[in-house]
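Excluded from the calculations below are hydrogen atoms, water molecules and symmetry mates; all remaining heavy atoms, backbone and side chain alike, are included. First the proteins, then the strands, lettered A, B, ... as listed; each starts at 1.
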Amino acid sequence: MAKESLDVSESLEMVKLVARKIIESEPILTDADRNLGDGDHGIGMQRGMTAVLEKLESDSFADIKSIFNAAGMAMMSSMGGASGALFGTLFRSGAKALDGKLAFDSSSLSDFLVAANEGVQARGGASPGDKTMIDALDPAANESLQSKELPINEALGAVASAAESGRDQSKDMVATMGRAKTLGEKSVGHPDAGACSIAIIFRAMAEFANN
Amino acid sequence: MKKLINDPLKVADELIDGLVEAYDGDCVKVGTRSIIKKEIPEGKVALLIGGGAGHEPIYHGLVGTNMADGAACGDIFAAPPPDIVLEATSAISRGNGVLYLYGNYAGDVMNFDIGAELSEEEGIEVKTVLITDDVCSAPPESKEERRGIAGLVLIVKMVSAASQSVETLDELERIAKLTVLQTRSVGVSMSPGSIPATGKPTFEIDEGLIGLGMGIHGEPGVSEIPMTTADDLTPQMLDLIFKDFTDDSDVDDLKEGDEILLFVNSLGATTMMECLICLRKAKEYLNKRGVRVYDTIVGPLVTCQEMSGISFSITKLNDELKRYWDVPCESVCYTKL
C-alpha cells in the first residue's frame with residue numbers, strides 16, 4: 001500500500017528499527033570486518049546503535065531533523081574512532097538538509113541522502129570505488145534522486161536495493177582506504193563492512209515504511 | 001600478559017583519574033575524559049592536544065605549567081569523540097582562539113574536525129596543525145600525509161612555550177607549523193604491545209625481524225630487516241632522518257654546525273639500558289657529522305603498552321625555536337628546569 005510520507009513519530013520509530021536491526025546484525029558485521037579490518041566494526045556499530053536507541057527512547061523530538069541529529073551525536077560520542085565520526089557525520093549531515101521538516105517524504109529522503117553522501121565523502125576523503133561505506137551510500141543517494149516522485153515506502157525500497165547492490169559490488173573492489181588498504185589485492189572477494197552497515201540501515205527503513 | 005588492571009572496559013577512565021592524582025592539583029579532569037590546567041589566564045591563546053589512551057605518559061601527560069592547556073582523551077587506542085573535544089575546547093578557551101595540535105591519524109582528524117565545527121558553532125575560533133614527524137610513513141613530497149609519532153613531545157613542548165606569549169591564534173599556528181616542519185622521527189618495532197581489554201597483540205612481526213619505520217600500531221614501514229645490534233641499527237635510523245632533511249626541498253640539509261634537539265624514545269618494553277646504548281652511538285654519529293646536540297631527552301614517553309622498539313626524533317633549531325625550548329616547564333610526561 002502506498003504511503004506518501006512518515007510523520008515525526010513514525011520517523012522516530014523508523015530510526016529505532018534501524019538501531020535494533022544493526023544491533024541484531026552484530027555477528028554478520030563482525031564477520032565482514034574480520035575478513036578485511038580488525039573485526040571491531042560489528043561491536044562498534046552495536047555500541048553506537050545501542051546509544052541511539054537509549055537516546056531516542058529517553059528524549060522527545062519536535063521535528064525530523066532533531067531525530068537524525070540526536071542519532072548522529074549518539075553514534076559519535078559512543079563509538080569513537082573513524083567509524084563513529086563517519087556514521088555520525090552521515091546522520092548529522094543528512095539532518096542538516098531537513099530543516100523544519102515535519103514529514104519525511106521521498107523528496108526529503110533524497111535531500112537527506114545527497115547531503116549525507118557529500119558529508120561523509122568530505123569527512124573521510126573516500127570516493128566511489130574505494131571499497132568503503134560510500135560504495136553503498138553513493139548508489140543509494142543516486143537512486144533517491146530518481147525516486148523523488150514515488151511514495152516514501154517505494155522510494156525507500158528502491159534506495160535499499162541500490163545500497164544492497166552497491167554493497168555486493170564492493171566485493172570486487174580493491175581497498176584503498178583505512179586498515180584494509182594494506183591488504184591490497186587480497187581485499188577482493190569480500191564486501192566492505194561499512195557498506196554492509198549502510199545496506200542494513202536502508203533495508204530497515206524500507207521495512208518500516210512498508211509495514 | 002599479566003596486567004594490573006580492573007574492569008578492562010574502564011582502563012581509560014581509571015588511568016585518567018590516576019593521572020589527575022599525579023598532577024597534585026595543577027591539572028583537573030573536566031567532563032567525561034579531558035584533562036585541563038587549573039589556571040589559564042584570560043585572553044591566552046589556548047593549546048589543545050589529545051589522542052587515544054594507552055600511549056602514556058603522552059598525550060594527556062603533556063598538560064601542565066608552560067605545557068599544553070588541555071588534552072582530549074579517547075578510549076584505548078581510539079580517537080576522542082567530538083563531544084569530548086568540544087568539552088575540552090570549551091573548558092580551556094579564554095576568548096582568543098584555540099589551537100588543536102595532534103598526531104595525523106584518520107580517526108583523530110575526523111573527530112577533532114567535528115569537535116572544531118561544534119566549537120565554532122559555540123563561537124570559539126579553532127585552528128588545527130597536524131603532527132607529521134614520521135619520515136617513513138610517506139615520501140617528502142607528500143609529507144602532510146605522514147603519521148605523528150614521538151617527535152610530538154618536542155613539538156608540544158615548544159608550541160606550548162610559545163603559546164604563553166603569542167598574541168594571536170594565527171601566530172601560534174605559524175610557530176606550530178614551523179616546529180612540525182623542523183622535527184623528524186624514525187622508529188623501529190621489534191615486538192607488539194597488547195590491547196588491554198582483550199590481551200591480543202596489536203600486530204604481528206616475525207621473531208627474527210625488526211620493522212624499520214613501522215608505526216606504533218603496526219602500520220607498515222620501509223622494510224623488515226634481520227634483528228641486529230644497537231650499533232648497527234642506530235646509524236641506519238639516523239641516516240633516514242638526515243636523508244629526509246636532504247630530500248625535502250622545504251627544509252635545509254642537516255649539516256655541520258647545525259644545532260638540534262635529540263629525543264631517544266622507547267615504545268614501552270625496550271629498556272632505558274638499551275635506549276642509553278643507542279644514545280651513545282647516536283651521539284658518536286652526530287659528532288662525526290659535526291651536528292651539535294643542544295639538548296637530549298631519553299626514555300619511554302611515547303609508548304604502546306609493552307611494545308618493544310625505539311625511535312629517534314630530531315628538531316633542527318633556529319634562534320626562535322631555541323627560545324621556546326629554553327622555557328622551563330612542568331608536566332607528568334616532561335619537566336625542564
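The most heavy-atom pairs under 4.5 Å with chain A, out of B:Ala106, B:Pro82, B:Gly52, come from B:Pro82.
Only the side chain of B:Leu118 comes within contact range of chain A, judged by heavy atoms closer than 4.5 Å. Using a 4.5 Å cut-off between heavy atoms, A:Ser83 does not touch chain B at all.
Within 6.0 Å of atom NZ in A:Lys55, 12 or fewer heavy atoms from other residues, nucleotides or ligands are found, so the atom counts as exposed in its surroundings. For B:Glu204, the CD atom is loosely surrounded, since the number of other residues' heavy atoms within 6.0 Å does not exceed 12. Under a cut-off of 6.0 angstrom, the local environment of NZ in B:Lys3 is crowded, with over 12 non-hydrogen atoms contributed by other residues, nucleotides or ligands. The 12-atom threshold is not exceeded at CD of B:Glu207, counting heavy atoms of other residues, nucleotides or ligands nearer than 6.0 Å.
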Would you list the atom pairs, donor with acceptor, under 3.5 Å between side chains in residues 107-114 of chain B and any protein atom, with sequence neighbours excluded?
unit_1   : atom_1 : unit_2   : atom_2 : d
B:Asn111 : ND2    : A:Gly81  : O      : 2.8
B:Asn111 : ND2    : B:Gly107 : O      : 2.8

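Chain B is approached within less than 4.5 Å, heavy atom to heavy atom, by A:Met73, A:Met76, A:Ser77 from residues 64-78 of chain A, ordered by number.
To the nearest 0.5 Å, atom CZ of residue A:Arg123 and atom CD of residue B:Glu117 are 4.0 Å apart.
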